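First the structure, in the form of structure tokens, and then the observations on it.
Here the structure is a predicted model, which means the values were calculated and not measured. Hydrogens, waters and symmetry mates play no part in the numbers below; they use all other heavy atoms, side chains included.
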Number of protein chains: 2
Amino acid sequence: MMAVLFVSQRRAEIPRLHSAFPDVRRINPDQARVMVDSGDRIWLMTDHPDWPALSGMLAAQEAIVVVMSLAPNEAEALKALQAGARGYVHALSPSELLGQVALVTSNQGVWVPAELLSKVVGVAFTSLGGHESLPQESLSALTERERAVALAVAEGRTNKEAARQLDITERTVKAHLGAVFRKLGVRDRMQLVLRLAKQGEKVA
Amino acid sequence: MMAVLFVSQRRAEIPRLHSAFPDVRRINPDQARVMVDSGDRIWLMTDHPDWPALSGMLAAQEAIVVVMSLAPNEAEALKALQAGARGYVHALSPSELLGQVALVTSNQGVWVPAELLSKVVGVAFTSLGGHESLPQESLSALTERERAVALAVAEGRTNKEAARQLDITERTVKAHLGAVFRKLGVRDRMQLVLRLAKQGEKVA
DNA sequence: ATGAATATTGGACCGATGGACAAGCCGGGA
DNA sequence: TCCCGGCTTGTCCATCGGTCCAATATTCAT
């Protein structure tokens, strides 16, 4: 458990990664889906065409994904974070920095190179003006926690993932979700997301 | 050096912050500009009207700023990060969590509550126009039957309902659906409907 | 004709989901 | 102080959803 894995298509290894984490093992992208376990720390190279999908899949399995690029840039950083990665770093960073990244990401933190961070945040900030509160129409009938659960689920998260994000048990997520279904008159999570999507487009 | 400071207008102290950091001292917002030094760790309450400006000033002095709010929300989180804060957290978080936040932010990391993180990153990403694949594009990768099943499921039907509609077995629906998931790189029907919804709004 | 892709179905397996029934904790109001 | 609504967790259980291993038939291209 808690394995440290280096996922890359072409590159066999990264010396500084090994010096920072002697236990690191290298696996192929297509091996990743079956070899990765919850809590594993994944260093994912961007040398595979489908690395965002792979990142999303690994993140969904509650692995801690850090994307490594040989040519870091803003767009790729955002893609990585959107794909569930907890970090985005230059592949040839010093081992001390890699250790720092691991420390941060292992504690619910996000690590992005300082020069990219400001851009990421800036972009997010400037784009917030338009579509801030979309689906609060029917959500107003819900309590705060029910709303939080509903939104998490409507974003495609599983009950387990929603539980982890809200720091409650899966059982509590089910309780809130059941209340949401009852109040909104929908039968399951699919109907919920469709309902919210429909209202979202009405506002927009 | 490396002082831990709690900056708040009204609130005298936060018990859990003290238990996490016994050395923390409380100062007023107007004292902050002169008392803060490089490397200091600042816990900044949002109970002052000009807290974003204050955060920016402290960040410019290379202090590590974590914004604390009694009612965390997406807009405020973005405001905090845009103002140079390294973290944004609920003011009444457990002391263990506060310790984690300090650990992350002290190591170049960014800390945002899990439920807000996805939104912040998501907003940033969608504003960049990072999508390449249009709806026809992704659906064209599917066969005719796969597309029919995908659409039925994306409209909220269960496998059983989709089977009845297409006059095939539920088992066959599962088979096609599995192929759809594999080709589109999604893990389940929720991700599918979200994918199609996202692409749909771009076309519209 | 032979192989590749597609469509269909079966069985089995197991995790995810939603409901039913119960119950403890906490904060605010009567 | 007592009550109530919201938040939290538990167990049990039926169903749904997704995947793996096959199998058969059809079409199309080489």
Whole-Å gap separating C1' (C:dG18) and NE2 (A:His176): 15 Å
Non-hydrogen side-chain atoms of B:Val110 and B:Leu81 separated by less than 4.5 Å: yes
Whole-Å gap separating P (D:dG18) and CG (B:Leu184): 13 Å
Any donor-acceptor N/O pair under 3.5 Å between C:dT6 base and B:Arg145 side chain: no
Presence of donor-acceptor pair under 3.5 Å, side chain of B:Arg189 and base of D:dG17: no
B:Lys174 side-chain N/O to D:dT19 phosphate OP1/OP2 under 4.0 Å: no
Value in whole Å for how far the C1' atom of C:dG15 lies from CG of B:Asn159: 15 Å
Whole-Å distance separating the CD atom of A:Glu170 from the C1' atom of D:dT11: 14 Å
Exam field: side chain B:Arg26 to backbone B:Ser8, donor-acceptor pair closer than 3.5 Å: yes
Atom pair distance, as rounded to whole Å: CG in A:Leu166 and P in D:dT9: 11 Å
List, one per line, each side-chain donor-acceptor pair under 3.5 Å for residues 168-190 of chain B, sequence neighbours excluded.
residue  : atom : partner  : partner atom : Å
B:Lys183 : NZ   : B:Glu146 : OE1          : 2.9
B:Arg187 : NH1  : A:Glu161 : OE2          : 2.7
B:Arg187 : NH2  : A:Gly156 : O            : 2.9
B:Arg187 : NH2  : A:Glu161 : OE1          : 2.8
B:Arg187 : NH2  : A:Glu161 : OE2          : 3.4
B:Asp188 : OD1  : B:Met190 : N            : 3.2
B:Asp188 : OD1  : B:Gln191 : N            : 3.0
B:Arg189 : NH1  : B:Asn159 : OD1          : 3.1
B:Arg189 : NH2  : B:Arg157 : O            : 3.0
B:Arg189 : NH2  : B:Asn159 : OD1          : 3.3

Nearest-Å distance for atom pair CG/P, residues B:Leu142 and C:dA5: 16 Å
Presence of B:Thr169 side-chain N/O under 4.0 Å of C:dT9 phosphate oxygens OP1/OP2: yes
Out of C:dA22, C:dA7, C:dT17, whichever nucleotide has its closest atom nearest the side chain of B:Glu144: C:dA7
Sugar-phosphate only, base, or nothing, as touched by A:Ala175 at under 4.0 Å among non-hydrogen atoms: base
Closest-nucleotide ordering on DNA chain C, the 5'-leading residue of A:Arg187 and A:Lys160: A:Lys160
Proximal nucleotide (of C:dT6, C:dA7, D:dT11) relative to the A:Arg171 side chain: D:dT11
Spacing of A:Asp188 atom CG relative to C:dT17 atom P, expressed in whole Å: 11 Å
Interatomic distance where CG belongs to B:Leu177 and P belongs to D:dG18 [whole Å]: 6 Å
Phosphate contact (C:dA5 OP1 or OP2) by B:Thr143 side-chain N/O below 4.0 Å: no
Whether B:Asp40 side chain and B:Ala3 backbone form a donor-acceptor pair below 3.5 Å: yes
Heavy atoms from other residues, nucleotides or ligands near CG of A:Asp167 exceed 12 (cutoff 6.0 Å): no
